[in-house]
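Down below is the structure, laid out as structure tokens.
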Amino acid sequence: MTGQVSRRQVCIIGAGPSGLLLGQLLARANVDALIIEAKRADYVLSRIRAGVLESGLTELLREAGCGERLDREGLVHHGFSLAFDDRTHRIDLSKLTGGKAVTVYGQTEVTRDLMEARAALGAPTVYEAEDVALHDFDTDRPRVTYRKDGVTHEIACDFIAGCDGFHGVSRRSVPERAITSFERVYAFGWLGLLADVPPASEELVYARHARGFALVSMRSRTRSRSYIQVPLADRVEDWPDDRFYDELRLRLPQDVAARVTPGPSIEKSIAPLRSFVAEPMRFGSLFLAGDAAHIVPPTGAKGLNLAASDVHYLSSGLIEYFAGGSRAGIDAYSQRALARIWKAERFSWWMTSMLHAFPDAGDFGARMQLAELDYIASSPAAATVVAENYVGLPF
Ligand code: FAS
Ligand code: PHB
């Protein structure tokens with residue numbers, strides 16, 4: 001059955017953080033946008049992902065009217081530690097960046113706040129949309145079609161925002177001749193475990209160890225999130241909770257390992273690591289934002305925060321266009337976004353290269369990692385490079 005054709009100013013594909021934040025900023029500027037999402041809302045919320053928010057993202061969430069719970073429950077962190085050779089070195093973020101900090105607040109909570117804010121505005125989101133397809137985005141009359149409950153719908157719009165993640169339909173809809181991809185796939189993944197136990201450290205600890213990388217993070221003072229590097233061939237079933245905690249302790253300095261509190265996993269999953277950028281990020285009336293355009297290994301805590309800067313540039317360009325007809329912001333979008341993306345790609349690749357076990361890099365490679373870490377621990381200039389990238393480069 002074919003449903004009616006309706007019209008929107010912007011059609012957003014994907015109701016993850018990128019799509020929801022873009023939708024919220026547009027709605028508050030009276031730009032009419034529809035979000036079309038393939039999954040159910042509870043499925044989107046069930047995905048456990050990022051945990052560290054840069055100040056650029058927290059500012060945007062406040063601008064979007066989603067700062068109240070963030071400011072009440074978010075944990076402001078003024079530093080984190082690098083661990084190697086059974087010692088830890090604290091990176092004093094605030095001292096090294098003139099007072100900047102990061103906020104620990106799970107992506108799940110960001111997504112929940114954005115969903116609730118959108119519903120409070122009465123802005124439309126279609127969940128469980130099937131066969132989403134993009135049409136005529138190389139013209140100024142783009143269309144999106146999707147099927148819902150057996151009925152095919154068509155949305156005529158001025159612009160399409162592809163916020164549908166790495167595996168979404170938007171980037172795949174661009175002709176190969178029009179897009180260039182840059183990629184590095186890592187031969188390992190992160191096994192993450194979420195448990196309702198106090199974290200082993202008040203601040204995050206990124207650990208380099210000959211057995212592999214480990215990360216101690218958290219969602220609150222009573223909910224810990226920890227990770228260990230595992231071979232890509234590993235499956236979650238290979239890692240019962242006890243084995244995870246034993247391996248985590250082996251990779252942490254003894255004083256941190258002694259504070260690891262084992263507790264039953266409430267979520268456990270393996271995420272592959274990849275560096276990826278698609279250029280450009282605009283194709284006529286189609287704009288890509290967030291993971292639809294780029295992926296970083298989570299070692300630098302940049303994925304979600306890069307989605308935020310994309311949305312900042314794109315929302316301000318679209319609002320400027322609908323308010324006064326200027327195309328300056330949307331014409332500059334791809335170049336502005338990519339300038340920040342590539343710097344975050346570099347930092348994420350560098351942190352990953354420095355902290356993970358690369359067997360084929362040999363003993364010399366391992367010594368280079370330790371020399372890099374020792375340099376950071378002994379040079380304020382080197383530590384400042386880490387700090388200013390970790391808190392987030394300016395938008
Ligand atoms: P998302 O992938 O979050 O959202 C895209 C949405 O589009 C999804 O809801 C999807 O269902 C929908 N969609 C897909 N195809 C569609 C279609 N055809 N039609 C309609 N909708 C469609 N970042 C960090 O900073 N730190 C981390 O620790 C971290 N860990 C991660 C772990 C994993 C397993 C993954 C996959 C990512 C992780 N990230 C992390 C990065 C992650 O947080 C992303 O940067 C963030 O989710 C980006 O948000 P979106 O761009 O909205 O993409
Ligand atoms: C997390 O808490 O999930 C997290 C934190 C920092 C990272 C990656 C993941 O770099």
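A salt bridge links E68 with R72: the distance from a Lys NZ or Arg NE/NH1/NH2 to an Asp or Glu carboxylate oxygen falls below 4.0 Å. Ionic pairing of D246 and R243 is not present here: no N-O contact between side-chain nitrogen and carboxylate oxygen is shorter than 4.0 angstrom. Note on R282 versus D331: salt bridge recorded, some NZ/NE/NH1/NH2 to OD/OE distance being below 4.0 Å. Salt bridge E388/K100: absent, no basic N to carboxylate O contact under 4.0 Å.
Under the ring pair (Phe, Tyr, Trp, His ring centres under 6.0 Å) criterion, the residue pairs touching residues 44-93 are F80-Y206, F80-Y390, with sequence neighbours excluded.
Connection of I35 to L45 is established within a shared hydrophobic cluster, with ILVMFWY side chains joined at heavy-atom distances below 4.5 Å, either directly or through further cluster members. Each of F276 and M351 belongs to its own hydrophobic cluster when Ile, Leu, Val, Met, Phe, Trp and Tyr are linked at side-chain heavy-atom distances under 4.5 angstrom.
A distance-only check finds a donor-acceptor pair linking the side chain of S334 to the backbone of M281 [under 3.5 Å]. Between the R171 side chain and the F166 main chain, a donor and an acceptor come within less than 3.5 Å of each other. In terms of modelled atom types and a separation under 3.5 Å, the side chain of D164 and the main chain of V169 share a donor-acceptor contact.
R346 forms a cation-pi arrangement with W350, by the criterion of a distance under 6.0 Å to the ring centre and an angle within 45° of the ring axis.
R118 and T125 form a side-chain donor-acceptor contact under 3.5 Å, judged by distance and modelled atom types alone. S265 and E267 share no side-chain donor-acceptor pair at under 3.5 Å.
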